[in-house]
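What follows is a single structure, written as structure tokens, with notes after it.
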Amino acid sequence: MPHPHLQTGGRHISKVERQLRPLRPPPVRNPDTHPLLPFHLSLLLANVEGKDPAGRWEQDPAALPLLLSRRVAETWNGSRRPERPQWLQARLAVPLGVRREKKLPLLCLQEPRARINTEEHVDAADQEVILWDHNIPEDILREITKPKEVPAESVTVWIDPLDATQEYTEDLRKYVTTMVCVAVNGEPVLGVIHKPFSAYTAWAMVDGGSNVKARTSYNEKTPRIIVSRSHSGTVKQVALQTFGNQTTIIPAGGAGYKVLSLLDVPDENQEKADIYIHVTYIKKWDICAGNALLKALGGHMTTLSGEEISYTGSDGNEGGLLASINMNHQALVRKLPDLEKTSHK
Ligand SMILES: Nc1ncnc2c1ncn2[C@@H]1O[C@H](COP(=O)(O)O)[C@@H](OP(=O)(O)O)[C@H]1O
Ligand SMILES: [Mg+2]
């Protein structure tokens, strides 16, 4: 899509951008602390804004992750002008036209004392910046009334701009999510899982608030177990061995989708399960947001041997995954077979 550009002061800016000035001054921030709440909310905004996210995805799969990740970057930087969604849409269409490869671009203006880990990487040539207007929607403000601040160096951010990539390439769009997670001292604290093709966003903050809840009942005896359809490893054998041959196994794409299957999600394309098990290696950006959501709602996501996963340091989790909510998680861990016998890789 062609987009009008004007030359001003040696810099190309869009006509729409120019019309939006003058704008409010940048917020004042204490550089030693990290405002968890606004950051989190900006991610939500990044996820839900725009007239037709699914439509944008059909035009170009990079659109939403790019919008999301740029919002992340911008909020992190915390000092730019606010913008409007219409502007974002117009502006994004230009650079995205040429990016249809599987790996999606991401711009991270990294805060020097915090870490941002993402499946995609910064395109150094890309100077565009997309901005958050610092308006927090009413429904979110109602849920989280007390903003938190934590030392910036304690924060690690995990971003998956496109989860269920394999399924996306097979046009199985219901599995696709974008995810952002903020961990503090390695503990998952804020999670956002967005389904671009359903325009549904689940978010939760540990000791903060959420827009999603657990279902009212789960089947602990003969659970429906949701597992990977494309990185399954020995998971079916493990599940049947643990819970018996009558157990229902639901193969599904995406770690974000599978966590949502444990919750009360008002989306007709969302299957429901009682337990999520994964036995192969998995990256932390695939699981951090789901872990934060579950933790905030009273659930658990651990390795198969019941250990908490630390969302700092290395980007891989090698101990497999067991996720549940409103169940005796430790009892589930004890039931699982000794997985030394099975491969985690
Ligand atoms: N053994 C493995 N090695 C690397 N990534 C894995 C993996 N198993 C699962 N994943 C990643 O975890 C996400 C969910 O996987 P699955 O759909 O198989 O459950 C996918 O993320 P992406 O789609 O972001 O790559 C997938 O690539
Ligand atoms: Mg992923």
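All figures in this text were calculated on a predicted structure; none of them were measured in a lab. Note that ligands are numbered from 1 as they come in the structure, with each ligand's atoms numbered from 1 the same way.
Taking 4.0 Å as the cut-off between side-chain N and carboxylate O, Asp315 and Lys283 count as a salt-bridged pair. With salt bridges taken as basic N to acidic carboxylate O contacts below 4.0 Å, none links Glu271 and Lys258. Look at Glu167 and Arg229 and you find a salt bridge, because one of the NZ, NE, NH1 or NH2 atoms lies within 4.0 Å of a carboxylate O, short of that distance.
For ligand 1 and Ser230, the ligand atoms under 4.0 Å from any heavy atom of the residue are 18 (O). Ligand-side atoms of ligand 1 in range of His278: 8 (N), 9 (C), range being under 4.0 angstrom from any heavy atom. Those atoms of ligand 1 that come under 4.0 Å of a heavy atom in Thr280, given as number and element, are 1 (N), 2 (C), 7 (C), 8 (N). Here is the list of ligand 1 atoms found below 4.0 Å of a heavy atom in Ala164: 22 (P), 23 (O). For ligand 1 and Asp286, the ligand atoms under 4.0 Å from any heavy atom of the residue are 11 (C), 12 (O), 13 (C), 20 (C), 21 (O), 22 (P), 24 (O). Atoms of ligand 1 lying under 4.0 Å from any heavy atom of Gly253, numbered from 1 in the order shown and given with element: 17 (O).
Under the 3.5 Å distance criterion, with hydrogens and angles disregarded, no donor-acceptor pair is assigned to the side chains of Asn317 and Tyr281. Side chains of Ser310 and Thr312: a donor-acceptor N/O pair is absent below 3.5 angstrom, by distance only.
No part of Lys283 comes within 4.0 Å of ligand 1, judged by heavy-atom distances. Within the 4.0 Å heavy-atom criterion, neither part of Arg229 lies near ligand 1. If you look at Asp163 next to ligand 1, the close heavy atoms, those under 4.0 Å, come from the backbone and the side chain alike.
Considering backbone and side-chain N/O atoms, Ser228 comes within less than 3.5 Å of an N/O atom of ligand 1. Considering backbone and side-chain N/O of Ala255, none are found under 3.5 Å from N/O of ligand 1. The distance criterion of under 3.5 Å between nitrogen or oxygen atoms is not met by Ile282 with respect to ligand 1. When only interatomic distances are considered, the shortest N/O to N/O separation between Lys258 and ligand 1 falls below 3.5 Å.
When the heavy-atom distances from atom 5 (N) of ligand 1 to Tyr281, Trp285, Tyr257 are ranked, the shortest goes to Tyr281.
With sequence neighbours left out, the side chain to side chain donor-acceptor pair (under 3.5 Å) criterion links Lys295 to Glu187.
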Would you please test Asn291 and Tyr311 for side-chain hydrogen bond (donor to acceptor under 3.5 Å, both in side chains) and show each step? CA-CA 10 Å; Asn291 198 337; Tyr311 293 92; 2.6 Å; yes
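Between His231 and His278, the angle of the ring planes lies from 30° to 60°, which puts this pair in the tilted group.
Checked against the Mg ion (ligand 2), the N, O or S atom of Asp163 at the shortest distance is OD1. The N, O or S atom of Asp286 with the smallest distance to the Mg ion (ligand 2) is OD1.
Interatomic distance, Gln330 CD to Leu322 CG, rounded to the nearest 0.5 Å: 9.0 Å.
The heavy-atom pair separating Ile325 from Gly298 by the smallest distance is CG1-C, 4.3 Å.
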